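All of these numbers come straight from a predicted model, not from anything done at the bench. Values reported hereafter were calculated over all heavy atoms of this structure, with side chains retained and with hydrogens, waters and symmetry mates removed. Per chain, numbering begins at 1; letters A, B, ... match sequence-line order.
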Amino acid sequence: MTLRVYNTLNGGKEPFEPLVPGKVGMYVCGVTVYDYCHIGHARANIVFDIIYRYLQYSGYEVTYVRNYTDVDDKIINRANERGISSQQLSEEFIQAFDEDMARLGLQLPTVQPKATEHIPHIIALVEKLIANGKAYESEGDVYFAVESFDDYLKLSKRNLEEMQAGARIAPGEKKRNPMDFALWKAAKPGEPSWESPWGQGRPGWHIECSAMGMEYLGESFDIHGGGKDLIFPHHENEIAQSEAATGKPFVKYWLHNGFVNVNQEKMSKSLGNFFTIRDILQSYDPEIVRFFILSAHYRSPIDFSDQNLKEARLGLTRFYEGLQSAAEVLAECPDGAEADGQATDGDELEAKFREAMDDDFNTALAIGHLFEGVRTMNRLMATKKFRKKADLVASVRALYQSFFKLGGVLGMFGSQPHQWLEQQRMAALADLEITVEQIDAQIAARLQARQDKDFARSDEIRDELAEQGILLLDSAAGTGWKIK
RNA sequence: GGCCCCGUCGCCAAGUGGUAAGGCAGAGGCCUGCAAAGCCUUUAUCCCCAGUUCGAAUCUGGGCGGGGCCUCCA
């Protein structure tokens, strides 16, 4: 089974065959840095993070480029409101973005270029388009002539006549066709600008991604990703300006992630129903957020809600509790004492995981397989005289190791189970009106009562703690506790 | 108005022609002094109607419901 991916360009899944065998060039549209990132940005970046990780796991040498858009109308406006320079503003939010992504546990892309550092490339590309007759200068602006590019709208599958009939496009008097889009914008007073053959100005929104993509990945590359909302106009325009300039196919596979909804509605800045990553991380561990996002297929819409995040926490807790049990048991069974070559459970799990991921990065199915792996592991450990059965211990060890290996591909299980559970427990305890010392004292009192066979008192203590949100866990090793 | 997507168990969510993964919640059982955790068992014929097919949640047509893009947006 080989990797198949859903390509927006062709509207279906197809085998993934990179332009250069063994190597992958991947470009993902980053953020416009004028505000804090919301959960939608988290989804897009986490999705492409696991695509990046899975391609590497599959043996590809991946060059992953993710840009910062650091020159734009919104940046200029926001900077003016705050009375600081565009550069100051964008630097502030680049740093905030980097912090958010680091907290979410994302791998760093190979390159993270900024639009403002590629002005010469952008200008060269615009010049080429003018020379090719695909673009024209008009009062210091430069526009791409959409009618000059026959394949225009092939990605979003529309047609020009219908779009113009939509009549929601104000005909710019500087444009020949209202659908033409800006490659270069003449500077207005007070705006950041660069010298160009058309006077002082700045790049349009779309051209930077074409310029940077080609700069780092070549005129044609394998994967270009982003949110569904970028299909039109952003990616459509990227294709037009890139292919019109080079005469070559720009990107082989276009991948787009679905939206994050709130109450079944798209979350967006204009609706004001968005949650920032920072807000969410105050209440939920980053790995819970990641687990929540990966529990649905990346192209499906996903509904953001407190209840769904709590479910994600429960699911992830099940993994970590199973892993902790395994860690404890395995620590007592000397490594390698069990028979070699008998443990196929880990390999089977990995095969299923790969099969799921090979099918257009089906993380939801892959996680389902991992859940089954946990159950298998728990079942083995619950077997009588488990520790003396070398083949079973070997299976658990194999599964345990597979979890960290496969979890790594999803960016999960990066913590020691014990530490993660303890951290969750302490965070939850902070909301309760009881301290660890009080709990320990109650457990000690109950232990005494139990030794005295005073089960009425023992149960009374347990009920009292339960009312305060504490659940006791008796085991052969003693009594532990967790938050209800 | 044009284009597009979705509708699977109480909830979340896989599954694109071969007889419905998984998680949460629920029920019964094992275990336990009693519990909890864990394990075992158990819970759906896939919005409605018609059609194609030996066979459809999966394909076609119609209907109902929800959403997206067409303007900045992950």
Of the candidates G22(B), G38(B), A14(B), the side chain of Ala364(A) sits closest to A14(B)

Is there a donor in the side chain of Glu287(A) and an acceptor in the side chain of Tyr320(A), or the other way round, less than 3.5 Å apart?
-> yes

Original post:
Roughly how far apart, to the nearest Å, are A21(B) and U32(B) at atom P?
Top reply: 33 Å

What is the nucleic acid contact for Met381(A), judged by heavy atoms within less than 4.0 Å: base, sugar-phosphate only, or nothing?
nothing

request  = Give Leu472(A) one of three labels, base, sugar-phosphate or nothing, depending on what nucleic acid heavy atoms sit under 4.0 Å from its own.
outcome  = base

Only one of Phe413(A), Trp420(A), Phe404(A) passes ring pair (Phe, Tyr, Trp, His ring centres under 6.0 Å) with Phe319(A), and that residue is Phe413(A)

Exercise for review: May I ask you to evaluate whether Lys266(A) reaches the phosphate of C69(B), defined as a side-chain N or O under 4.0 Å from OP1 or OP2?
Suggested key: yes

* Look at Arg82(A) together with Glu92(A) and state whether they make a salt bridge at an N to O cut-off of under 4.0 Å. => yes

Between Gln448(A) and Asp452(A): side-chain donor-acceptor atoms closer than 3.5 Å
yes

Testing A74(B), C70(B), A21(B) for proximity to the side chain of Leu365(A), the answer is A21(B)

Quiz prompt | Nearest-angstrom distance, P atom, A14(B) to G26(B) | solution = 23 Å

- Query: Say you pick atom P in A57(B) and the same atom in U71(B); how far apart are they, in whole Å?
  - Reply: 40 Å

*asked:* Between C5(B) and U58(B), how many Å separate the two P atoms, rounded to a whole number?
replied: 16 Å

Whole-Å distance, Ile443(A) CD1 to A36(B) C1', equals 13 Å

Open item on the list: Looking at C4(B), I'd like to know if its phosphate oxygens (OP1 or OP2) sit under 4.0 Å from a side-chain N or O belonging to Thr8(A).
Closed with: no

- Query: What integer number of Å spans the P atoms of C49(B) and A56(B)?
  - Reply: 15 Å

> Salt-bridged, Arg103(A) to Asp100(A), with N to O below 4.0 Å?
Replying inline: no

Q | Polar side chain donor-acceptor pair, His206(A) to Glu238(A), under 3.5 angstrom | A | no

Notebook entry, point to check: Can we say Glu422(A) and Arg425(A) salt-bridge, meaning some charged N sits less than 4.0 Å from an Asp/Glu carboxylate O?
Noted result: yes

Please work out if Val260(A) contacts a base, only the sugar-phosphate, or nothing of the nucleic acid, heavy-atom cut-off 4.0 Å. base

Indicate, with a heavy-atom threshold strictly under 4.0 Å, whether His38(A) touches base, sugar-phosphate, or nothing. base

inquiry  = Mind checking if Gly40(A) touches a base, just sugar-phosphate, or nothing, with heavy atoms under 4.0 Å?
reply    = base

In whole angstroms, the gap separating P of A74(B) from CD1 of Ile277(A) amounts to 11 Å

Distance between the C1' atoms of C11(B) and C72(B), in whole angstroms? 35 Å

Looking across every strand, which nucleic acid part, if any, lies under 4.0 Å from Arg379(A) by heavy atom: base, sugar-phosphate, or nothing?
sugar-phosphate

Notebook entry, point to check: Using a cut-off of 4.0 Å on non-hydrogen atoms, how would the nucleic acid contact of Ser268(A) be classed: base, sugar-phosphate, or nothing?
Noted result: base

Give me the distances for all protein-to-nucleotides 57-59 of chain B N/O pairs that come in under 3.5 Å?
none

If you look at every strand shown and take non-hydrogen atoms under 4.0 Å, does Gly322(A) touch a base, only sugar-phosphate, or nothing?
nothing

Whole-Å distance, Glu236(A) CD to C69(B) P, equals 16 Å

Side-chain atoms of Arg158(A) come closest, of C12(B), A74(B), C69(B), to C69(B)

When rounded to whole Å, the CG to P distance for the pair Leu160(A) and C70(B) reads 16 Å

Please determine if a side-chain N or O atom of Asn45(A) lies less than 4.0 Å away from the OP1 or OP2 oxygen of A74(B). no

Against the side chain of Lys13(A), the closest entry in U16(B), C39(B), A21(B) is U16(B)

### Task
Using the side chain to side chain donor-acceptor pair (under 3.5 Å) rule, take Arg278(A) and Thr276(A) through it: C-alpha gap first, then chi angles, then the decisive distance, then the call.
CA-CA 5 Å; Arg278(A) 299 182 164 216; Thr276(A) 66; over 6 Å; no

Taking A14(B), G22(B), C12(B) as options, the one with an atom nearest any side-chain atom of Arg375(A) is G22(B)

Looking only at A37(B), G38(B), C70(B), the nucleotide nearest the Phe232(A) side chain is C70(B)

_Any carboxylate oxygen within less than 4.0 angstrom of a Lys/Arg side-chain nitrogen, looking at Lys174(A) and Asp141(A)?_
yes

As its Watson-Crick or G-U partner within any shown strand, both distances under 3.5 Å, G1(B) has C70(B)

Worksheet item: Is it true that Asp73(A) and Arg202(A) make a salt bridge, defined as a side-chain N closer than 4.0 Å to a carboxylate O?
Response: yes

When rounded to whole Å, the CG to C1' distance for the pair Asp303(A) and G66(B) reads 12 Å

Check: Without hydrogens or angle criteria, can the side chains of Asn67(A) and Tyr216(A) be said to hold a donor-acceptor pair below 3.5 Å?
Finding: no

C1'-based separation of A13(B) from A44(B) [nearest Å]: 14 Å

Checking N1-N3 plus N6-O4 or O6-N4 for Watson-Crick, or N1-O2 and O6-N3 for wobble, each under 3.5 Å, the partner of C54(B) is G18(B)

With the side chain defined as heavy atoms from C-beta on, Asp229(A) is closest, among G68(B), A74(B), A14(B), to A74(B)

Residue pairs passing the salt bridge (charged side-chain N to carboxylate O under 4.0 Å, His left out) test with at least one member in residues 289-299 of chain A, sequence neighbours excluded, are Asp49(A)-Arg290(A), Arg299(A)-Asp360(A)

Review point. Contact class for Asn257(A) (heavy atom, under 4.0 Å): base, sugar-phosphate, or nothing?
Key: base

Going 5' to 3' through nucleotides 24-33 of chain B and flagging B where a protein heavy-atom sits under 4.0 Å of the base, S where only the sugar-phosphate is that close, and - otherwise, we get S--------B

Answer for the Watson-Crick or wobble partner of A27(B), both distances under 3.5 Å, is U41(B)

